[in-house]
A.B. asks: 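Structure in structure tokens, see below.
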Number of protein chains: 2
Amino acid sequence: MRGTRARGATADEAKQATGEACAAPRRTRRRRAAVTLNEVAAGAGVAPITVSRALNNPASVSPALRSRIEQAVEQLGYVPNRMAGALASARTRVIPVIVPSLSNVVFVEVIEGIQEAVEAQGYQMLLGSTGYDLGHEAALAATLLGWAPPGMMVAGLRHETRTATLLRNAGIPIVEFMETGRAPIDMNVGLSHVRAGAAMAEHLLARGYRRIGFVGLRMKDDYRARQRYDGLRRQLAGKAAVVLFDREGGAGQGGGQQVGWDALPDLLAITPALDALFFANDEMAVGALLRARRDGTDVPGRIAIAGFNGLPIAALTTPTLTTIVSPRKQIGREAAAMLLARIAGREPTTRRLDVGFTLEAGGST
Amino acid sequence: MRGTRARGATADEAKQATGEACAAPRRTRRRRAAVTLNEVAAGAGVAPITVSRALNNPASVSPALRSRIEQAVEQLGYVPNRMAGALASARTRVIPVIVPSLSNVVFVEVIEGIQEAVEAQGYQMLLGSTGYDLGHEAALAATLLGWAPPGMMVAGLRHETRTATLLRNAGIPIVEFMETGRAPIDMNVGLSHVRAGAAMAEHLLARGYRRIGFVGLRMKDDYRARQRYDGLRRQLAGKAAVVLFDREGGAGQGGGQQVGWDALPDLLAITPALDALFFANDEMAVGALLRARRDGTDVPGRIAIAGFNGLPIAALTTPTLTTIVSPRKQIGREAAAMLLARIAGREPTTRRLDVGFTLEAGGST
DNA sequence: CTGAAAGCGCTTACAG
DNA sequence: CTGAAAGCGCTTACAG
């Protein structure tokens, strides 16, 4: 019933929009912002559904109508209303991605991998950043689900219970990316940060270091750094002394460098017996390396320095920085591939992928 | 008419969803994905519109009903469908932001500034990256406008004609951020890259350099770097020799460092008379500085090195790097503030803001 | 290949 | 403070 009435009204409107004289008062509730599909249909002299088909599945419309419709679209400057389409079809081409921070290059690289893969399939990425706050993460997940996405990606395997419940009950494929370890909500791509820490322990032991410090930045928030520390500590148990330093400060892009710069002389003064420092990330390690360079501190003679992530700059310092390379862009691409497969109704090769890591031994250890 | 029918149907559905026995066959077209506002209304024993009010403007509903509704929302796990809300109200809380790249920390910092400001007002940022391709930018702008956003932000003042037309005709506030210079579509926040280049010219002249090279990376795409070069060249005219080097490669995060690292020995070998190099950004300059350190090249004795952006690492190298600091986070915040003011129907203090820059003279020149 | 009808899940505008 | 009606701009499901 409403269909009939509504169509009558919109047909009139379409005539107005396409320029036909019409003195009937407008019945719309508010200002008309944009050209609609009905107006295009009127312009092309076809039914709205035909315009819809011509746009979404051109092959299903005869060439003659198709070209008339394309012309009307062009002439009227029609831009489809995504909200209406999404509401009617119960489908969106938007994939939300939740990360803890954009200040950390690591997440940005994963995001780039995701974006490339997702855009190639005609999807759009909706980015949310939690600021390492799991409460904020929960709120963000709820809001983003309101966009009825076909799938969702979230960094990490640790969430508040309500977040996990919400995502599990959303009935869409979910990928948790960054680390492996515990059971995922649905799918998982990442690497074992515990094993990465253990690998660094083995490396430092092999090079003869026995009094080792781990330097973290706001470890309370960064549980992946805690996992690396755990791996280091367990692997060194009984073979070398380990001490944890948890530093503050250094917000924003490149902030970690300043923290490493400040930390080096502090730690050497307080615990002069240290012979090696494993920094939670390369930024901090590079900051320490630059500080050693300025102060004339011998690396690795006085103190060995290692980092984590495998940023390009690790290969450019003197000495080069020992680090663990994580395949970040690959994580993004694989995570997106898994999700897109499931969205398309296919089963991905695997639902849990460990992308591994590589220890690059440099001159700094 | 339709309203009556539809409401009859949905009332039945609501009863089913809330658990009342009902054998009538479902009339819906497809699977029911989520709890709807109608179901919450039925659960709380009120009209749907009252639920809508309780959610969007709690003060307009009596405390008694409000708490009954809140309880129903909680119990049913209701998540509002943003698409339906947006379609009905012709308003979205999503603000699209278009940048050329996420690999460049500079854009990421601007984005962070935007996100903070925008989230504080209850808006969500929808991020699009063009890969420095203005054709892609046009497509992205069109798609994003389909979400009927209340405003939009785009990096840069240069776009294809169709992009500018599309944005101008969208009837929403637009902020172009990053550089100042030409007339904006609507509002503009940034700094003059031409003047920044000229400022560096003055600095290098004052320090006695007379044979100066500008090193860019894919200058064809990076017109802001070209503006800095133009400013440098014009300011040096008649006072010093200038030469432009346009390098390739170095994609992705930190890629610029490798380019600077590779460039330094090349340039010194080919044009040994050079006495100063102004790199298009700090990443490249740091790469060159690290190369000089490894090769034992004296900076600034043999060659002076300067960068642009004012990244934190510029203060940590030995010697410290001369650079131009751009207030990136401020650009993001100011741009967002302007846009939000206009969205709220207020007039911002100004529609065109030059945030300026600061030249930090370091030991590298 | 084309179309008339119905509906997606909300909010606006009008009443009371 | 609360509600019945109508509509936002599309797509699905059913016909022909």
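Numbers restart at 1 for each chain; the letters A, B, ... are given by sequence-line order, proteins then strands.
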A.B. asks: How many whole angstroms separate atom CZ of B:R53 from atom P of D:dG3?
C.D. replies: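 About 8 Å, once rounded to whole Å.
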
A.B. asks: Considering residues, nucleotides and ligands other than A:E160, do more than 12 of their heavy atoms fall under 6.0 Å from its CD?
C.D. replies: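 For A:E160, atom CD is crowded (more than 12 foreign heavy atoms under 6.0 Å).
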
A.B. asks: Grab the CE-P distance between A:M83 and C:dG7 for me, whole Å please.
C.D. replies: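 One finds 23 Å between P of C:dG7 and CE of A:M83, rounded.
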
A.B. asks: Within less than 4.0 Å of OP1 or OP2 of D:dC8, is there a side-chain N or O belonging to A:N81?
C.D. replies: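 So the side-chain polar atoms of A:N81 never come under 4.0 Å of the phosphate oxygens OP1 or OP2 of D:dC8.
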
A.B. asks: Which of the following nucleotides, D:dT12, D:dG7, D:dT2, is nearest to the side chain of B:T50?
C.D. replies: D:dT2

A.B. asks: Apply the side chain to side chain contact (heavy atoms under 4.5 Å, CB included) test between B:M187 and each candidate in B:M153, B:E334, B:R351; give the one that qualifies.
C.D. replies: B:R351

A.B. asks: Roughly how many Å is it from CH2 in B:W147 to P in D:dG9, rounded to a whole number?
C.D. replies: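 Taking CH2 of B:W147 and P of D:dG9, I get 16 Å after rounding.
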
A.B. asks: In whole Å, I'd like the distance from the CZ atom of A:R66 to the P atom of C:dT2.
C.D. replies: 9 Å

A.B. asks: Would A:D186 and A:R342 pass as an ion pair if we require N to O under 4.0 Å?
C.D. replies: yes

A.B. asks: Between A:N56 and D:dT11, is there a contact of a side-chain N or O with OP1 or OP2 at under 4.0 Å?
C.D. replies: yes

A.B. asks: Could you pick out which residue, A:I49 or B:I49, lies toward the 5' side of DNA chain C when each is mapped onto its nearest nucleotide?
C.D. replies: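 So the residue in question is A:I49.
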
A.B. asks: Heavy-atom nearest nucleotide on DNA chain D for A:A86 versus B:A84: which residue maps closer to 5'?
C.D. replies: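 It is B:A84 whose nearest nucleotide is closer to the 5' end.
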
A.B. asks: Considering every strand and a 4.0 Å limit on heavy-atom distances, what is the contact class for B:R82: base, sugar-phosphate, or nothing?
C.D. replies: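 It contacts nothing in the nucleic acid.
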
A.B. asks: Kindly point out which of D:dT2, D:dG7, C:dT12 is positioned nearest to the side chain of B:S89?
C.D. replies: C:dT12

A.B. asks: Who does D:dA13 pair with, Watson-Crick or G-U, both distances under 3.5 Å?
C.D. replies: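 Matched D:dA13 with nothing under the 3.5 Å cut-off.
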
A.B. asks: Verify the contact: side-chain N or O of B:R91 to OP1 or OP2 of C:dT12, cut-off strictly under 4.0 Å; return yes or no.
C.D. replies: yes

A.B. asks: Is it the case that more than 12 heavy atoms not belonging to B:E74 sit under 6.0 Å from its CD atom?
C.D. replies: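 Count not over threshold, so no.
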
A.B. asks: Rounded to whole angstroms, how far apart are CG on A:L87 and P on D:dG7?
C.D. replies: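 A:L87 atom CG is separated from D:dG7 atom P by 17 Å.
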
A.B. asks: Does OP1 or OP2 of D:dT11 have a side-chain N or O of A:S52 closer than 4.0 Å?
C.D. replies: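 Checking A:S52 against D:dT11: at least one side-chain N or O falls below 4.0 Å of OP1 or OP2.
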
